[in-house]
Asker: 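Sharing a structure here in structure tokens format.
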2 protein chains.
Amino acid sequence: MRKHVLLYGLIAGVLIVVLQLIEYRWLVIEHSVEIYGGLVAAVFASLGIWLGLKLTRRTETIVVREVMVPAPANFVRDDSKVESLGITPRELEILQLIAEGLSNKEIAGRVFVSENTVKTHSSRVFDKLGARRRTQAVQRGKELRLIP
Amino acid sequence: MRKHVLLYGLIAGVLIVVLQLIEYRWLVIEHSVEIYGGLVAAVFASLGIWLGLKLTRRTETIVVREVMVPAPANFVRDDSKVESLGITPRELEILQLIAEGLSNKEIAGRVFVSENTVKTHSSRVFDKLGARRRTQAVQRGKELRLIP
DNA sequence: CAGCGCGTCACCCGAACGTATGATTTTTGG
DNA sequence: CCAAAAATCATACGTTCGGGTGACGCGCTG
């Protein structure tokens, strides 16, 4: 933008000099002032148009980008909710396994703890989620983006 | 656009006339031609710039639309799987309610049938899905796109 | 070190769940 | 119209869950 203005000024200066030089030859002709004025007008007008065009030249093509993203692909846990609810990692782990349809006994076998422990964790997480049943806990967990 | 050109022409003509009239007063002054030329140049240059700006304005339609489409929005049940598994509409309905975390009693109240009926439906749908627990049934149901 | 959070485990009990079996009614399709 | 499919309900039994309570060990932190 700035270099355009400079270029314009330079060209204008050169043109004025050229026109002044030319003027001495044409001034002898009577009533040539109108011709001179017209010439100047035409030159500067076209120069102005060119400048105006250059200044606002936005060769920006119309970009219409539509991105279809299958959301389930990218799951990110809402850690802020996990923390605000005071859910511990172990509890979250058990919740995930519950969501996978495992029984307490199966979960116990999976994580190598007793079934009682699983029940304790699940009870705690149910309480924190305000759920009374495991299905409800799963539903809330998915809603709150704690589990995929 | 066209009216701009016409307007420009009109103003240019008027200006030329005005300048010609003024010229007769100023021409008497020696070396006033340069002033005259500069004036003409300035006026027409700014006019040209204005025109150029006008011509290219609002050609800059920058449309960058990014649409994130979360897949879960458009859930379509895989009816073929529903049929192939021999799941009846009522059973599917109960499965959905189970997925919402409702107990058998709550479901019974919701669909106006006895709890025993709900248990019958759920038992059947569990069998058809190869599930032993309701959480498992929900998981399978979601996997198979029977429920959202 | 005392306290706290977390994870672990146990026991009990009532509620919820799942299975099996049988029966009746309603709906549907040929 | 009649048979098949679907929906309804019940009773009984065993299993799984969930709540309540209490306890122990570990690691961190004031």
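Naming: A, B, ... by sequence-line order, numbering from 1 per chain. Scope of the values below: all heavy atoms of this structure, side chains included, with no hydrogens, waters or symmetry mates. All values reported here derive from a predicted model rather than from experimental measurement.
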Asker: Of all the nucleotides listed (C:dC9, D:dA10, C:dG7), which has the minimum atom distance to the side chain of A:T117?
Answerer: C:dC9

Asker: Is the phosphate of C:dG5, meaning OP1 or OP2, less than 4.0 Å from a side-chain N or O of A:T88?
Answerer: no

Asker: Does A:S122 have a side-chain nitrogen or oxygen under 4.0 Å from the phosphate oxygens OP1 or OP2 of D:dC17?
Answerer: no

Asker: Is B:R132 atom CZ crowded by more than 12 heavy atoms from other residues, nucleotides or ligands, each under 6.0 Å away?
Answerer: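 No, because the 6.0 Å sphere around CZ of B:R132 holds 12 heavy atoms or fewer from other groups.
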
Asker: Please report the closest heavy-atom contact between B:R90 and B:V111, naming both atoms and the distance.
Answerer: NH2-O, 3.5 Å

Asker: Report each atom pair, protein N/O against N/O of nucleotides 26-30 of chain C, whose distance is under 3.5 angstrom.
Answerer:
none

Asker: Work out which heavy atom in B:I87 is nearest to a heavy atom in B:L92; give both atom names and the distance.
Answerer: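 So the minimum-distance heavy-atom pair works out to CG2-N, 3.9 Å.
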
Asker: Using only heavy-atom distances, decide whether a donor-acceptor pair under 3.5 angstrom links the side-chain of B:R124 to the base of D:dT8.
Answerer: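 Check passes, donor-acceptor contact within cut-off.
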
Asker: Any idea which heavy atoms bring A:D78 and A:L144 closest together, and the distance?
Answerer: CB-O, 3.7 Å

Asker: Identify whether the distance between the nearest side-chain nitrogen and carboxylate oxygen of A:E106 and B:R133 falls below 4.0 Å.
Answerer: yes

Asker: Tabulate protein N/O versus nucleotide N/O from nucleotides 12-17 of chain C, keeping only pairs under 3.5 Å, one per line.
Answerer:
{"residue": "C:dC17", "atom": "OP2", "partner": "B:N104", "partner atom": "N", "Å": "2.9"}

Asker: Give B:T120 one of three labels, base, sugar-phosphate or nothing, depending on what nucleic acid heavy atoms sit under 4.0 Å from its own.
Answerer: base

